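All figures in this text were calculated on a predicted structure; none of them were measured in a lab. Just so it is clear: chains get the letters A, B, ... in the order the sequence lines come, proteins before strands, and each one is counted from 1.
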Protein chains: 2
Amino acid sequence: MSKQKLSKLEYGVMEALWAKREASIREVQDFFPEKKRPAYTTVQTTLYRLEAKGSVKRLRKVGNFHIFAATVTRSAAQTTLIDDLLSMFGGKTQPVMAHFIQSGS
Amino acid sequence: MSKQKLSKLEYGVMEALWAKREASIREVQDFFPEKKRPAYTTVQTTLYRLEAKGSVKRLRKVGNFHIFAATVTRSAAQTTLIDDLLSMFGGKTQPVMAHFIQSGS
DNA sequence: GGCTATCTACTACATCTGTCATAGTGTCAA
DNA sequence: TTGACACTATGACAGATGTAGTAGATAGCC
């Protein structure tokens with residue numbers, strides 16, 4: 001399904017794919033800022049899970065490794081996340097707007 | 001800590017406390033719309049967990065049962081949730097605003 | 001005083017997520 | 001051709017969350 005809600009780490013992994021169009025596991029890992037870079041196998045597991053959820057696909061195998069790409073757009077993923085939050089607020093955008101205004105954003 | 005992020009069910013439980021100021025487990029349960037009303041013990045477990053997190057406290061015991069109340073305001077809880085989402089977007093409100101505009105809210 | 005309804009306290013369990021370790025496989029340079 | 005190194009596949013585990021059953025305490029009614 002396309003309406004998969006992404007977790008924080010999953011979203012971070014997707015960021016790499018959205019930015020680079022396609023990438024190997026290693027490239028995705030390197031995309032994380034050094035300070036918060038997960039282990040190679042953590043990224044691997046996350047990509048596998050995203051693949052199982054249908055948010056990512058393996059494009060091809062290059063030499064010894066796979067190339068992954070996102071199957072959902074960034075804005076679609078963001079929309080799912082935002083709608084999920086709004087559902088907690090009864091669908092009202094008001095609390096969010098109020099927060100933006102109050103925090104001066 | 002005050003910055004506890006609430007899960008969906010936890011937030012739903014808090015809604016009852018925010019609305020009624022204080023409530024027993026049964027009252028919280030009854031606050032849920034019938035269609036999505038969790039079992040009594042599910043509400044109980046959630047209240048206990050919220051208590052452990054410090055988001056809820058037991059005010060007193062009335063007869064045989066406890067009365068609970070929120071220790072955080074609704075807007076504080078919302079802020080935590082919104083900030084958590086924004087952190088995924090690199091702190092940018094733009095994706096959220098764009099979504100609001102696009103969906104005509 | 002005893003029965004019944006209701007509460008509390010405790011336990012359990014599946015799924016999701018973050019986090020990796022390990023073992024096995026494939027590739028490429030020497 | 002073979003050894004080193006990177007990559008893959010798989011297994012594991014803990015914490016959070018949703019969900020609820022069960023046993024034992026309690027309180028009020030008859």
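Of the residues in residues 13-28 of chain A, A/Ile25, A/Arg26 come within less than 4.0 Å of DNA chain D through at least one heavy atom, sorted by number.
Of the possible donor and acceptor atoms, one in the side chain of A/Glu27 sits under 3.5 Å from a partner among the backbone N and O of A/Ser24. With hydrogens and angles disregarded, no donor-acceptor distance shorter than 3.5 Å links the side chain of B/Trp18 to the backbone of B/Val13. B/Glu10 places a side-chain N or O within 3.5 Å of a backbone atom of B/Ser7 that can act as its donor or acceptor partner.
With a 4.5 Å cut-off on side-chain heavy atoms, A/Thr80 and A/Gln4 do not count as touching. The closest side-chain heavy-atom distance from B/Glu22 to B/Leu17 is not below 4.5 Å. Residues B/Glu51 and B/Arg58 form a side-chain contact, since some pair of their non-hydrogen atoms from C-beta on lies under 4.5 Å apart.
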B/S/- contact track for nucleotides 14-21 of chain D, protein heavy atom under 4.0 Å = ---BBBBB
When you check every protein heavy atom under 4.0 Å of nucleotides 25-30 of chain D, what one-letter string (B, S, -) results, 5' to 3'?
-> -BS---
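Rounded to whole Å, the distance from CG on A/Asp30 to P on D/dA6 is 12 Å. For the pair B/His66 NE2 and C/dT6 P, the interatomic distance rounds to 18 Å; values are reported in whole Å. Atom pair A/Gln29:CD and C/dC20:C1' shows a separation of 12 Å (rounding to whole Å applied). A straight line from CZ of A/Phe68 to C1' of D/dT8 spans 9 Å, rounded to a whole angstrom.
Using a cutoff of 4.0 Å between basic side-chain nitrogens and carboxylate oxygens, A/Asp83 and A/Lys3 are not scored as salt-bridged.
Sorted by first then second residue, the salt bridge (Lys or Arg N to Asp or Glu O under 4.0 Å) pairs that include residues 32-44 of chain B, not counting sequence neighbours, number zero. The ring-ring contact (aromatic ring centres under 6.0 Å, His included) analysis of residues 39-94 of chain B, with sequence neighbours excluded, yields the pairs A/Tyr11-B/Phe89. Residue pairs meeting the salt bridge (Lys or Arg N to Asp or Glu O under 4.0 Å) criterion with at least one member in residues 63-75 of chain A, sequence neighbours excluded, are A/Glu15-A/Arg74.
The environment of A/Lys8 atom NZ is dense: over 12 non-hydrogen atoms of other residues, nucleotides or ligands sit within 6.0 angstrom.
Taking 4.0 angstrom as the limit, B/Tyr48 places none of its side-chain polar atoms (N or O) nearer than this to OP1 or OP2 of C/dC10. A/Tyr40 has no side-chain polar atom (N or O) that falls below the 4.0 Å cut-off from OP1 or OP2 of C/dA21.
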